[in-house]
Amino acid sequence: CSSIVNHRGFVADEVLIASVQPGVDNRMSVERTLGRPTFTSEFGEPVWYYVASTTEQAPFTTPKITQHTVLAVRFDENDNVLSVDRTGMDQVARIDPDSTVTPTLGRDRGLLEDLFGNIGQVGAATGPGGAGSPTGQ
Amino acid sequence: CASSGGGGTETAYVARDVESLYTAAKDRLDRGDAKIAAALFDEVERQHPYSPWARRAQLMSAFSYYVRRDYNQAIQSAQRFLSIHPGNQNAPYAYYLIGLCYYEQISDVDRDQKITQQALTALTEVQRRYPNSKYAADARLKIDLVNDHLAGKEMEIGRFYEDTGKWTAAQIRFQNVIEDYQTTSHTPEALYRLTETSLALGIPQEARRYAAVLGANYPGSEWYEKAYELIGEYAPEELARAD
Amino acid sequence: QNIPEEGQEAAQQPAPAPTPAPATPPEQQGQVIRTIAVAGSQRLEPETIVSYIQLRAGDLYTPAAADQALKDLAATELFSDYRIENNDGNVVITIVENPVINRIVLEGNKRLKDDKILPEIQLSARQIFTRSKVRADVARIIELYKRQGRFAATVEPQMVQLDQNRVDVVFEITEGPKSKVRKINIIGNDEFSDGDLKGEMVTKEAGLLKIFSSGTSYDPDRLAFDQQQLRAFYLENGYADFRVVSAVAELTPDKKDFIITYVVEEGERYKFGDVEVDSQLRDFDSDRMTRSLPMKAGDWYDAKLVEDTVESLSETAGAFGYAFADVQPDFSRSREDLTMGVTFVIREAPRVYIESVDVNGNTLTQDKVIRREFRLAEGDAFNSLQVKRSTARINSLGYFQENFEISQVEGSAPDRIVLEANVEEQATGELSLSAGFSSLESFIFQGSIRQRNFRGRGQTVGLSLSYSSYSRSGSISFTEPYLFDKNISAGIDIYRRDYNNGYYNRRSATYESATTGFQARVGVPLTEYMSVLGRYTFNYDDITIDENSYFADLDGDGVRTCEPLLAGRYLCEAIGTRTSSILGMSLVYRNLDSVVRPTRGESAQIGVDFAGLGGNTRYLRFSAQAAKYWSLGSGFIFSLTGETGLIQGLKDRGEGQDDVLLTDRFFLGEPQIRGFDIRGVGPRVIRRFYGQNEDGEVVLQPYDANNNYDDALGGKAMYLAKAELEIPLGSGAREMGLRPSIFLDAGAVYNITDPVLVNSPYPDGLFIPRRDADGNALYYQNIYDNDGQITGTTIVTSPLDPDGEENTAIGNTISPFVEEFVGDTWKPRVAIGIGVNWNSPFGPFRINFAYPLLKQEGDDTKKFSFNVGTQF
């Protein structure tokens, strides 16, 4: 039966996307037409990514991306647009997130503690030795 | 009226000379009855605000409230002490006590982290004002733990977005961790998660970059092995390309 | 030259600014400071005082520096007096520290108690006394009294000097009379009557009816607010040129109350000129928007409609991602033909994206429990409809404060926005004890413990027990709205329901039905508002009857069977054990602004249940519910709810028996329909006994005589409709959480096969002999001693004793009665009434007074019921 359709991320406007040309535009003009990117590359040469996707969620399942466009805008050192390339569904991989988790400070609270204790006092349990009494006079 | 209600009859307006009042409070504290001790110390301050004892009584009342885990009272007493005696030699201890009071109320990552933020600001205050006091070392250690905790919260939210198929939101959250908390213990996992989200968002070249950075900084970690496997499985052509 | 401060100076007149020390004589200018000393400090340490000023040893001592030092000392507000002298290089600062406050005392405050004033003022014990704080507190207290309408209140601060430079601060308060508004006159209004205009205003004329209302006290800010109300009212009706010429409040001759006079100038009534939308947003097509405008040229001008249109246009823009689209109406007024042209200009705005979604204040609830209700995530385009939808969903959780809103905070760039859910958690544990008093079942106690946010994970865990003289039931339920973090809601209930009715006599339970079973539910959303629900129920029913009072062996075959004469035919048929295994499915549509306390929106549900997947009951049941809520503005909430059900037996259970079991049929009564008792509506069998009427003849008692026995049989078809209007009370009552409402309930249960009735003939009723194990009737036989006296009896089986005397038969006779089957009609039972919902300090409290307007013969009515619960 039907599934819930949602749109995530950048609202792609074909006219605007077509207007961004390598060599013509620079960082400022791209920001004016397309706005700021959904996210940028962290390492290596600076790339602006505009990600737009449509997800569908069939009953009993998690939403899956069904339509996807990524606009990658590369800049050279003096901020001119080096290249603009679009990739779509073909690159999308179905990833099942890994279940291991880096532990955090707060320990998992047991059932009884949930019911009766107030919220787990993280510091008290694991903090190394509380403050000694004030020294000096 | 001045003294806290819970003081019991013993502390109600009995005008006593400052030494006996202070020593009464001190041995109450030593006997572990922090509740009465705190009230008695407040009484010292109220009845004899100008005696030298008052200054120490203020600090001792803050400490007694801390022992009794009445963190808000402890913070208030310490802040009142600092507002009157900012230059006092015990000021570092007062700042440190405030930091601790917040620190011990930090709740686990699923819950509101407002208290964690307050702990961070209070502890950084100790480190900034008194860098070489003996409290600064412990403050620095706790600051790292608090940052680790905040990073943990971002990771928790990022993983939630991954589980519910909101990959763009997950990518943004994990990038927050890389940008704001790169010295915490969550960075390797964040880099691995970015490999996952980049692949899911169809930008394998980014995935390879994150995996490369993970390998360069944390070569032995299990996260790097997982990232390497993932790239091999989903974007083998990326492995071949040397950047 | 410094005037030493006395303690008693009046706070109103501004304290004389302490005159700075005279500038030091010129020739010492430019001398280098060798030392700085502090004199007169008791509490504060010298280094602290020095740290407040910039003068340091080695600087140049100049009058400007000295002045600056004094200003710094004044800024700290720690000192009542300070002087600075310089005798050739060593500077001495003599100060007198401000006293420390020992206690704050309020005198003369009758209307406003201490706990109302103390938290509002800055001064508190152990703080340093400063004159500016005293002045601020005096103004604050006067402000508190003004809000209460006491404009004549005055506050006198007194300082009581104590030893060790401590001081007690005493505020002497004289409250003065409460000034009321005696009369409101309006001059110049010919289009609308004084009454209409006064209705628009917040301030009301004092009068007997209005003793409680706080609106009658005079308050200048309210006066200004009333003027705006007048303006808005006229603009709404098209009088664009309306002007309040003057608004004057004079004291009455006896100086106790006020008379307010408004002079207004109405001007002409305007019509709309041409109306259009001029949108500069890329994907906003202007003429399509113009066509959708609510007003057109020629209508009467209405300022409020223009405002609402601006609102709805910016909302539509928000739906397209333009969070900060700015919609401005440009008016072009023409005085000649009295028209007002309006152009809605939508200015260029960047499309906004969500920078981050933050959840704050959730000390118990887990972050994901709230986050999973958000329809937007980081990186998505802002969409005001989705934000509204997210707010509605978070409200529906029912864990947080009543008027929760998602706050939109400016992001780190003009095209970024942060959505914040600042929640305040409420008690989600409910311990509800409800007691009802009914004509039939006397006292009913129901208790249930429910935690709607178990372990902060959004799960609901409930244990409910109910006990009344006729039924006992207990159930445990668990619901997880997001199984494995997916959109699957799952739940399970395990329950045990015992129902018994003192069929014959009220005390002893004679007929008992025990149902034990469980129900598992799974729900999945189909669209944003529509979801499908599957459920499987398994019940084990065991209906028993008190054998020794209802079983008899009339026909002497030695086997005691259920005797219809004693227990009624349909009861005998109901006895026995059976299992029913039911598969059910429902389609649920819900678009309410909050599930817990809906004020707007509608919900509907249709469901079908098939009993026959194994087990020995067979039926098919359809059910449908629908509800619609309207918020009529200023607190009035009108709701219409409807419910209907139909059940069809699939296995013929023999002649004279309905093919749907008694326990599966529909019943109707309290609490579904108000004004009627539990199972008080619908087909029933009434056993009417004979009694004496006023003039002594023996006659059948009326239907509702209370020693008649009536036993509801339920029905195979049911409908129920309810209309309720919630009435807002004044702000005082609303603070107490009082929510009265008037309601009208109408419904009926009907359509079952007519039961076969039994009668016990008049006048001597019926004799049921007792029999021994092999079925022969028993008699008492007298034993005579040798001189003929009866000394005892023995039980024998022959009707005559050895010498032919009659033995007395053992058994009981049933008094004469007539059984009648009544109430099986679709005609609606209607009840009208008022009820009050009150979140009392110990929990939700509902009380209902209902009067049945229309009822059928045999229905049990109940005019009063209440239900009280506590929250923890």
Side-chain angles (χ1 to χ4, degrees), chain A residues 1-17 19 30-40 48-65 68 70 96-97 99 104 106 108-122 137, chain C residues 281-283 320-322 348-355 362-366 372 374-383 386 411-416 425 429 451 453-457 459 461 482-490 522-534 587:
Chain A
C1 49
S2 79
S3 62
I4 303 177
V5 176
N6 264 317
H7 179 80
R8 294 258 88 86
F10 181 65
V11 176
D13 183 325
E14 291 314 325
V15 169
L16 286 179
I17 292 178
S19 73
V30 171
E31 183 163 334
R32 231 176 303 103
T33 44
L34 297 177
R36 284 159 22 85
T38 310
F39 51 79
T40 61
W48 281 12
Y49 289 100
Y50 295 86
V51 178
S53 52
T54 311
T55 62
E56 274 177 33
Q57 178 175 20
F60 299 103
T61 63
T62 53
K64 297 276 179 300
I65 296 182
H68 196 69
V70 173
D96 177 12
S99 55
T104 57
D108 250 345
R109 294 200 329 289
L111 175 68
L112 283 181
E113 196 179 0
D114 263 356
L115 280 180
F116 306 111
N118 51 19
I119 294 307
Q121 296 306 71
V122 150
Q137 329 92 324
Chain C
L281 296 181
R282 267 193 44 69
D283 39 20
F320 282 83
Y322 298 95
E348 179 58 47
R351 175 168 271 128
V352 171
Y353 288 90
I354 309 282
E355 184 168 22
N362 54 329
T363 47
L364 170 68
T365 320
Q366 279 188 343
R372 61 191 179 198
F374 266 94
R375 290 296 170 252
L376 294 167
E378 282 81 348
D380 293 352
F382 174 85
N383 178 328
Q386 302 276 38
S412 59
D415 69 344
R416 283 291 187 268
E425 281 164 331
Q451 168 57 263
N453 188 3
F454 180 56
R455 301 176 69 189
R457 290 206 167 89
Q459 297 156 344
V461 171
Y482 284 80
L483 203 56
F484 321 124
D485 277 341
K486 293 196 172 51
N487 255 355
I488 312 157
S489 78
V522 170
V524 166
L526 295 177
T527 67
E528 185 58 38
Y529 299 107
M530 180 90 73
S531 58
V532 67
L533 205 65
L587 209 55

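Owing to the predicted nature of the structure, the values given are computational and were not obtained by experimental measurement. Chain identifiers are assigned alphabetically (A, B, ...) following the order of the sequence lines, protein sequences preceding nucleic acid strands; residue numbering begins at 1 within each chain.
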Report task. Sequence neighbours left out, what passes side-chain hydrogen bond (donor to acceptor under 3.5 Å, both in side chains) with R416(C)? Give chain and number order. Result -> none
Report task. For residues N487(C) and I4(A), report the shortest heavy-atom separation together with the two atoms involved. Result -> ND2-CD1, 4.5 Å
Query - Y353(C) to V11(A) - nearest heavy-atom pair and separation - result: OH-N, 3.0 Å
Report task. Quick one: closest heavy-atom pair of N6(A) and Q386(C), and the distance? Result -> OD1-NE2, 4.4 Å
Report summary line: Applying side-chain hydrogen bond (donor to acceptor under 3.5 Å, both in side chains) to T38(A) and not counting sequence neighbours gives none
Report task. Heavy-atom distances under 4.5 Å only: say whether V15(A) touches chain C with side chain, backbone, both or neither. Result -> side chain
Requested in this report: Heavy-atom distances under 4.5 Å only: say whether F39(A) touches chain C with side chain, backbone, both or neither.
Outcome: neither
Requested in this report: Determine the minimum heavy-atom distance between L376(C) and R8(A), stating which atoms define it.
Outcome: CA-NH2, 3.9 Å
Query raised in the report: Which bit of V522(C) comes within less than 4.5 Å of chain A, counting heavy atoms only: side chain, backbone, both or neither?
Result: side chain
